[in-house]
Amino acid sequence: MTVETRPARRLHRAWFVAAAAFVALLAAAGFRAAPGVLIDPLHEEFGWSRATIGSAVSVNLVLYGLFAPFAAALMERFGIRRVAATALCVVALGAGGTVFMSASWQLILCWGVLVGLGTGSMAMSFAAMVATRWFIRHRGVVTGVLTAAGATGQLIFLPLIASLAADDGWRTASMVIAIAALAVVPVVLLAVRDHPADIGTVAYGAPEDAEVARPAPKVGTVRRGLSVLFQAARTRTFWLLAVGFAICGATTNGLVSTHFVPAAHDHGMPQTTAASLLALVGVFDVVGTIASGWLTDRVDPRILLGVYYALRGVSLALLPQLFTNSVQPSMWAFILFYGLDWVATVPPTVALCSRSFGEAGPIVFGWVFACHQLGAAFAASAAGAVRDQFGDYAIAWYVAAGLAVIASVASLSISRSRKSQKAQLAQVA
């Protein structure tokens, strides 16, 4: 009797690419987690106002967002692997350069420009590109996992940065981030491939008889990025997504990520304790974002966004009453709830961009994400100015709560129709 044995199925290469992308995004998130912890040390050493330091954060956030769509176009032109590896080197250069600064313009150059450009190239459009090219099945879940990399980076780096800044100074913390970014470069070069066709396979979940073909590189990075923007800007869906995501950025990266630690410190809470709470947001964010990705594969993304933003508004309206000199049960509840909601908005937003704008979806998402960072940049500076003017952050929290309600309404107003947007973008896709 002859016994036939079927060869064991190998794990699809897409999962290795996704794992490497996760590590790269995690490293890039390290330096972006630093501003909230380093505001007070920089203020104490250099005497710079919080508004001045906040302006450097704003430059970082603006470039982080505005460069994202061009980074997606660069990845189409030069490949995901090259762009990601170069971006990590730029992040390391900016992080290491802060060690030598003595004037506020140097903070803006290193912390704002260099790190902004580097992390902008490793922004959510990178996650969208990997998920779109390498996955058909489980695309929503993969998008959620890659999005959660930012929260995981916050979880890993934020307590470390706070501890190093308190014990060894903020310069040591900056150098640790620079070294971590450089350490990930070999991982990207070895594991990431630009397209499944590069290794003679197809995206995970594609039919086995699907054509193995690599799309021709797109030329004219700036032209393509702007062409997609001009076409997308003609649609109502784009503007509703942009408004919602701008408010998303204002209520997360701009306000909470940047100012939660100093706001808690204003009420007598130690910085390391507040930083640990913010890092804990990252723990729940991982769970919330992956769950959101799973839900995005099954539930109307518009409804998910509407619910997420509405619940965020409620939590921000309650936050000013929760600050004390110690961690109370009510604050634990906020951290749990807000963490689950933190970037749960990303998978449904990516899904809406892909469904509405087809192959150009990652670049469209890059522009929507640019709006996210513009909102974050405005909130980072405005909240710092509110603190300087009124002595606390209360007004900033209440305004953010109102904006979140507006984002909820905008998301629920997005049309179900997909055909018109795809037709308008067909010529640039």
>> Between Phe135 and His138 (judged by ring centroids, cut-off 6.0 Å), do the two rings come close enough to count as a pair?
In response: no

>> Would you say the rings of Tyr204 and Trp134 are close, in the sense that their centroids are separated by under 6.0 Å?
In response: no

Under a 3.5 Å distance rule, please check whether [X] uses its side chain to pair with a backbone N or O of [Y] as donor and acceptor.
X: Ser257; Y: Gly254; answer: no
X: Asn325; Y: His267; answer: no
X: Arg236; Y: Ser413; answer: yes
X: Ser411; Y: Gly306; answer: no
X: His259; Y: Ala383; answer: no
X: Ser121; Y: Leu117; answer: yes

> Going by the angle between their ring planes, with limits at 30° and 60°, are Trp48 and Phe46 parallel, tilted or perpendicular?
Replying inline: parallel

I'd like to check the side-chain hydrogen bond (donor to acceptor under 3.5 Å, both in side chains) partners of [X]; sequence neighbours left out, ordered by chain and number.
X: Thr349; answer: none
X: Gln328; answer: Ser326
X: Gln321; answer: Tyr398

Those residues that, when tested against [X], pass ring-ring contact (aromatic ring centres under 6.0 Å, His included) (two or more places apart):
X: His43; answer: none
X: Phe334; answer: Tyr338
X: Phe365; answer: Phe245

Any side-chain heavy atom of [X] sitting closer than 4.5 Å to one from [Y]?
X: His12; Y: Thr201; result: yes
X: Phe238; Y: Leu352; result: no
X: Val188; Y: Val185; result: no
X: Leu277; Y: Trp332; result: yes

> Is a side-chain donor-acceptor pair under 3.5 Å present for Thr237 with Ser356?
Replying inline: no

Is there any salt bridge (charged side-chain N to carboxylate O under 4.0 Å, His left out) pair reaching into [range], and which pairs are they, with sequence neighbours excluded?
range: residues 366-383; value: none
range: residues 301-330; value: Asp300-Arg302, Arg312-Asp341
range: residues 361-388; value: Asp266-Arg387
range: residues 171-193; value: Glu45-Arg171

>> Nearest 0.5 angstrom please: Leu340 CG to Leu311 CG, how far?
In response: 10.5 Å

>> Applying salt bridge (Lys or Arg N to Asp or Glu O under 4.0 Å), can you list everything that pairs with Arg81, at least two apart in sequence or on another chain?
In response: none

>> For Arg82, is the CZ atom crowded, meaning more than 12 foreign heavy atoms sit under 6.0 Å from it?
In response: no

> What ring-ring contact (aromatic ring centres under 6.0 Å, His included) pairs are there with at least one residue in residues 272-318, not counting sequence neighbours?
Replying inline: none

